[in-house]
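Only this structure's heavy atoms are used, side chains among them; waters, hydrogens and symmetry mates stay out. Residue numbering restarts at 1 for every chain, and letters A, B, ... go by the order of the sequence lines.
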Number of protein chains: 2
Amino acid sequence: MDTNYFQTLKELNLKATPKRLAILEIMALKPVYVSPEDVWQEMRMRFKTIGLPTVYRNLDELASGGVITKIINPDRQLYYFFCQKKHHHHHFICVFCHRIEELDFCAIREMETEFERKTGSKILSHIIQINGCCKKCRKGNP
Amino acid sequence: MDTNYFQTLKELNLKATPKRLAILEIMALKPVYVSPEDVWQEMRMRFKTIGLPTVYRNLDELASGGVITKIINPDRQLYYFFCQKKHHHHHFICVFCHRIEELDFCAIREMETEFERKTGSKILSHIIQINGCCKKCRKGNP
DNA sequence: TTATAAATAAAAACCTTTTTCATTTACGGA
DNA sequence: TCCGTAAATGAAAAAGGTTTTTATTTATAA
Ligand SMILES: [Mn+2]
Ligand SMILES: [Mn+2]
Ligand SMILES: [Zn+2]
Ligand SMILES: [Zn+2]
């Protein structure tokens with residue numbers, strides 16, 4: 001894991017502010033996905049003044065830069081996770097404790113049973129969704 | 001496609017109100033996923049009084065009953081779709097026009113290229129996420 | 001050290017979704 | 001068919017997460 005967050009921020013053309021560095025440190029340590037509110041709570045222990053909008057903005061910027069990843073949760077709120085894996089992969093998320101297991105495979109049904117046996121987890125549902133731009137919309141979009 | 005929506009509602013122990021029937025009719029015709037607001041706009045053409053909360057409530061009930069399906073959209077708002085397929089399957093969604101293609105396969109990477117070639121769509125991203133309850137949380141949950 | 005653009009705090013605004021509650025409606029049983 | 005009752009609805013307000021606005025502060029390149 002790369003811990004030169006100053007460098008990380010420079011590469012995104014973002015100023016290396018103490019608060020940004022702290023957000024990266026906080027995120028990198030967590031084996032769970034977190035809400036902006038979660039991050040804010042931790043930030044408040046480190047800084048006497050830290051606004052929630054600052055946390056929202058920074059998390060959004062870091063996600064746009066690909067440093068952290070947005071996590072889809074059934075509650076449709078914002079969550080982020082600092083992935084260790086850099087190649088294409090997916091996640092098992094626990095919607096109760098927010099713990100994440102990073103997965104290397106991509107097909108689903110076939111391995112559900114084996115996955116449950118190996119990890120002791122109970123799979124409640126899975127999401128597979130392909131997002132894109134249909135034929136009609138390609139005329140004038142991405 | 002089953003169009004006996006009166007029967008559909010009875011099976012869910014829901015009263016067959018004109019508004020519920022209209023919502024089902026509206027949903028069943030659409031090849032796109034829709035927001036509660038979208039449905040409300042159509043309902044307003046059919047009823048002089050129709051509250052947005054009624055639309056939200058009914059869509060939620062229908063989704064709980066498995067009649068319609070929640071669609072995950074990157075904007076994290078509520079969307080629903082009336083699936084034609086009844087077995088386990090997934091969707092290609094166009095985030096521009098909300099058109100949906102119902103898919104029969106489950107693995108992803110392998111077929112992206114073929115899918116794009118066949119349909120003329122451009123896949124921008126895909127979501128695979130397994131939701132569940134981890135080993136630790138199973139002690140006291142689902 | 002200084003100039004400048006970028007980042008921030010605080011407050012308010014925003015917007016989707018949910019709740020509350022009084023009124024109306026569907027419908028099973030008389 | 002008529003009633004009684006639980007369910008459904010409309011209107012209004014509230015909730016709650018997220019974003020915008022603006023004045024001030026800060027990082028950093030020159
Ligand atoms: Mn990951
Ligand atoms: Mn479908
Ligand atoms: Zn499209
Ligand atoms: Zn868990």
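At a threshold of 4.5 Å between non-hydrogen side-chain atoms, the residues A/Asn73 and A/Leu78 do not count as touching. Contact of the B/Leu14 side chain with the B/Thr8 side chain is not registered, since no non-hydrogen atoms from C-beta on lie closer than 4.5 Å.
When the nearest nucleotides of DNA chain D are assigned to B/Ile50 and B/Arg76 by heavy-atom distance, the more 5′-ward of the two goes with B/Ile50.
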For side chain to side chain contact (heavy atoms under 4.5 Å, CB included), just list the numbers for B/Arg46 and B/Ile23, CA-CA rounded to whole Å, side-chain angles, deciding distance to a tenth of an Å, and then say yes or no.
-> CA-CA 10 Å; B/Arg46 303 199 190 193; B/Ile23 288 174; over 6 Å; no

Run the numbers on B/Val95 and B/Tyr33 for side chain to side chain contact (heavy atoms under 4.5 Å, CB included), then give the verdict.
-> CA-CA 10 Å; B/Val95 293; B/Tyr33 60 97; 4.2 Å; yes

Kindly indicate, with the supporting measurements, whether the criterion side chain to side chain contact (heavy atoms under 4.5 Å, CB included) is fulfilled by B/Met27 and B/Leu59.
-> CA-CA 10 Å; B/Met27 293 295 296; B/Leu59 290 172; 4.1 Å; yes

Take B/Phe82 and B/Ile26, measure what side chain to side chain contact (heavy atoms under 4.5 Å, CB included) needs, and give me the verdict at the end.
-> CA-CA 9 Å; B/Phe82 198 136; B/Ile26 290 168; over 6 Å; no

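For B/Tyr56, whose side chain is taken as the heavy atoms from C-beta onward, the closest listed nucleotide among D/dG17, D/dA11, C/dT16 is C/dT16.
The CG atom of A/Asn73 sits 16 Å away from the C1' atom of D/dT18 (whole-angstrom rounding). Atom pair A/Glu37:CD and D/dG17:P shows a separation of 7 Å (rounding to whole Å applied). Note: CG (B/Leu12) to C1' (C/dA26) measures 16 Å, nearest angstrom. Across the protein-nucleic acid pair, B/Asp60 atom CG and C/dT17 atom P stand 11 Å apart, rounded to whole Å. One can place CD of A/Glu61 at 12 Å from P of D/dT19, the figure rounded to the nearest angstrom. Summarising the geometry, the separation between CG on B/Asn58 and P on C/dT17 is reported as 15 Å, rounded to the nearest angstrom. Rounded to a whole Å, the CG atom of A/Leu52 is 13 Å from the P atom of C/dT8. At whole-Å resolution of the value, CD in B/Gln77 and P in C/dT18 are 12 Å apart.
Ring geometry, A/Tyr79 versus A/His98: the interplanar angle exceeds 60°, so the pair is classed perpendicular (tilted spans 30 to 60°).
For the pair B/Glu102 (side chain) and B/Gln84 (backbone), a donor-acceptor distance under 3.5 Å is present. At least one donor-acceptor pair closer than 3.5 Å links the side chain of B/Asp38 to the backbone N or O of B/Ser35.
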Given protein heavy atoms under 4.0 Å, the one-letter contact record of nucleotides 20-30 of chain D, with B base, S sugar-phosphate only and - none, is simply BB-----BS--

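Taken residue by residue, residues 38-48 of chain B places no heavy atom nearer than 4.0 Å to DNA chain C.
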